[in-house]
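Scroll down for the structure; my scribbles are underneath it.
Labels below follow one simple rule: chain letters A, B, ... track the order of the sequence lines, proteins then strands, and each chain is numbered from 1.
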Protein chains: 2
Amino acid sequence: MRLSTKGRYGVKAMFDLALHYGEGPVSLSHISARQDISLSYLEQLFGSLRKEGLITSSRGAQGGYELKKPPDQITVGAVLNILEGTLAPVACVSKGHSQHCAKSGECVTRRVWESIHQSVTDVVEGITLQDMVKDHLNLQPIKSPSEGASS
Amino acid sequence: MRLSTKGRYGVKAMFDLALHYGEGPVSLSHISARQDISLSYLEQLFGSLRKEGLITSSRGAQGGYELKKPPDQITVGAVLNILEGTLAPVACVSKGHSQHCAKSGECVTRRVWESIHQSVTDVVEGITLQDMVKDHLNLQPIKSPSEGASS
DNA sequence: TCAATCCTAAGTATTTTACTGGGAATTCCA
DNA sequence: TGGAATTCCCAGTAAAATACTTAGGATTGA
């Protein structure tokens with residue numbers, strides 16, 4: 001039940017974009033450095049995310065990527081679905097899966113997998129990039145030049 | 001986020017044991033035939049399940065496996081935890097994982113993975129083999145009033 | 001022009017998965 | 001007592017998936 005690096009890196013990278021939302025395009029080299037992810041691997045992931053309409057790109061110098069929608073309108077689930085393919089624990093309960101076993105109607109294990117799938121889906125569809133940004137700001141120690149609060 | 005065959009087969013097989021709970025040992029060759037799982041692969045899985053105390057074995061002719069506890073005291077989660085290792089979507093939120101990244105305290109992605117892990121755990125810990133048996137009996141078309149449950 | 005950047009496809013080493021095989025030990029039953 | 005049915009154990013292995021890297025082309029701003 002492990003998430004692959006695609007999903008993990010993808011969420012981290014999208015969070016990074018959310019953190020800089022509204023500041024113009026962010027280059028992959030910056031994300032690569034900040035989040036410690038291989039640049040060329042990121043290129044792959046962002047290709048998929050762009051094709052699926054989550055981000056827009058601008059080429060050339062000073063180019064980069066931006067979220068296509070505000071962070072509160074992009075869920076972690078959307079990112080994971082694109083990069084992981086599906087979050088179904090077994091193939092037979094995933095959405096695009098057309099052919100199912102003859103016994104699917106009376107299959108009790110299938111019901112278990114459906115429950116897992118549903119709960120995972122509910123969780124990830126319920127978390128937006130904006131939520132992550134908010135969390136981040138709360139967790140972050142406040143750095144104020146005037147106060148000089150140390151921790 | 002796929003479950004491996006170990007987890008899938010393991011739950012199916014344990015469900016089979018639950019269905020025959022109280023009828024003496026069930027041999028792997030029977031489970032193999034009924035659930036359509038390779039016998040020698042099942043041997044591997046049952047080795048783990050036995051070592052972890054979910055089932056007991058009796059060797060020799062007429063031997064086999066039995067649930068060590070009643071079906072309502074064995075959860076799907078217990079089975080999956082043994083066979084899948086852990087249900088954590090990323091290593092850093094799994095239980096036995098001691099070393100964590102320096103930033104774990106302020107890691108927002110980690111919180112996402114924790115939420116997923118928690119929800120999956122809640123679901124699978126909340127389903128017992130008894131629940132599956134009950135479901136199975138409900139789904140099963142009633143065959144004949146005179147005949148009892150023939151499985 | 002040139003450097004920074006996106007874009008794409010292909011290649012590859014490593015790891016994981018999903019088994020299979022061989023054989024030893026144990027136990028029931030005829 | 002012998003043989004069939006079973007668990008038990010460990011090692012091997014083919015195929016698939018993962019996690020990248022490499023190479024190079026296309027685009028754009030300064």
Side-chain angles (χ1 to χ4, degrees), chain A residues 1-13 16-17 20 24-68 80 83-86 88-91 94, chain B residues 1-13 17 20 24-68 80 83-86 88-91:
Chain A
M1 282 290 281
R2 281 285 154 79
L3 232 37
S4 73
T5 53
K6 285 188 183 178
R8 281 192 279 139
Y9 293 174
V11 171
K12 270 179 92 174
D16 193 292
L17 281 191
H20 297 87
V26 178
S27 78
L28 286 190
S29 54
H30 283 146
I31 300 182
S32 168
R34 276 195 296 255
Q35 306 294 337
D36 194 32
I37 304 171
S38 141
L39 173 62
S40 43
Y41 199 38
L42 270 181
E43 287 179 336
Q44 272 182 41
L45 308 187
F46 274 61
S48 307
L49 295 169
R50 186 180 58 83
K51 277 176 199 151
E52 298 293 331
L54 255 51
I55 55 182
T56 55
S57 62
S58 28
R59 304 177 73 164
Q62 268 64 48
Y65 292 91
E66 288 177 271
L67 297 184
K68 199 165 187 177
L80 290 179
L83 297 174
E84 294 286 324
T86 171
V90 308
S94 71
Chain B
M1 281 288 280
R2 282 284 154 80
L3 231 37
S4 73
T5 54
K6 285 189 184 177
R8 281 192 278 138
Y9 293 175
V11 170
K12 270 179 92 174
L17 281 192
H20 297 88
V26 177
S27 80
L28 287 190
S29 54
H30 283 145
I31 300 181
S32 168
R34 277 195 296 254
Q35 307 294 337
D36 194 32
I37 303 171
S38 140
L39 173 61
S40 43
Y41 199 38
L42 271 180
E43 289 179 339
Q44 272 181 41
L45 308 187
F46 274 61
S48 307
L49 295 169
R50 185 179 58 82
K51 277 176 199 151
E52 298 293 331
L54 255 51
I55 55 182
T56 54
S57 62
S58 29
R59 304 177 73 164
Q62 268 64 49
Y65 292 90
E66 288 177 271
L67 297 184
K68 200 166 186 175
L80 290 179
L83 296 174
E84 294 287 325
T86 171
V90 309

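- Residue Thr5(B) has no polar side-chain atom (N or O) positioned under 4.0 Å from OP1 or OP2 of dT17(C).
- Atom-to-atom, CG of Leu83(A) to C1' of dA19(D) comes out at 14 Å; the value is rounded to the nearest Å.
- Within the structure, a side-chain polar atom (N or O) of Tyr9(A) is placed less than 4.0 Å from OP1 or OP2 of dC20(D).
- Pro25(A) is not listed as a side-chain neighbour of Gln62(A), based on a closest heavy-atom distance of 4.5 Å or more.
- Within the nucleic acid shown, Tyr65(A) comes within 4.0 Å of sugar-phosphate atoms alone, with no base atom in reach, counting heavy atoms only.
- The base of dT7(D) is paired with the side chain of Arg59(B) by a donor and an acceptor separated by under 3.5 Å.
- One interatomic measurement links the two molecules: CG of Leu28(B) to P of dC9(D), which rounds to 13 Å at whole-angstrom precision.
- A straight line from CG of Leu39(B) to C1' of dA18(C) spans 15 Å, rounded to a whole angstrom.
- When atom types are taken as modelled, the side chain of Glu84(B) and the backbone of Ser4(B) share a donor-acceptor pair closer than 3.5 angstrom.
- Atom pair Tyr41(A):OH and dT18(D):P shows a separation of 9 Å (rounding to whole Å applied).
- In this structure, the CZ atom of Arg8(A) is 10 Å from the C1' atom of dA19(D), given to the nearest Å.
- Regarding Ile37(B), its CD1 atom lies at a distance of 12 Å from the P atom of dT20(C), rounded to whole Å.
- What separates CZ of Arg2(A) from P of dT15(C) is a distance of 15 Å, to the nearest Å.
- Nearest heavy-atom pair, Ser38(A) versus Ser32(A), reported as atom, atom and distance to 0.1 Å: C-OG, 4.1 Å.
- To the nearest 0.5 Å, the span separating CZ on Arg8(B) from CG on Leu45(B) amounts to 11.5 Å.
- One finds the CD1 atom of Ile31(A) at 9.0 Å from the OH atom of Tyr65(A) (value rounded to the nearest 0.5 Å).
- Residue Thr56(A) comes nearest to Lys68(A) through the heavy atom pair CG2-CG, 3.7 Å, listed as atom of the first residue, atom of the second, then distance.
- Within 3.5 Å, no donor on the side chain of Gln62(B) pairs with an acceptor on the base of dT26(C), nor the reverse.
- Under a 3.5 Å cut-off, the side chain of Arg2(B) and the backbone N or O of Met1(A) do not form any donor-acceptor pair.
- Nearest-nucleotide positions on DNA chain C place Gly60(A) closer to the 5' end than the other of Gly60(A) and Gln44(B).
- For residues 47-57 of chain A, proximity to DNA chain D is found at no residue, defined as any non-hydrogen atom under 4.0 angstrom from a strand atom.
- Going from atom CG of Leu42(B) over to atom P of dT7(D) covers 10 Å, rounded to whole Å.
- The side chain of Ser38(A) sits closest to dT21(D) out of dC19(C), dT21(D), dC20(D).
- Taking the nucleotide of DNA chain D with the nearest heavy atom to each of Ser40(A) and Ser29(B), the more 5' of the two is matched to Ser29(B).
- Two residues, Ala61(A) and Glu43(A), neighbour DNA chain D, and the one matched to the more 5' nucleotide by heavy-atom proximity is Glu43(A).
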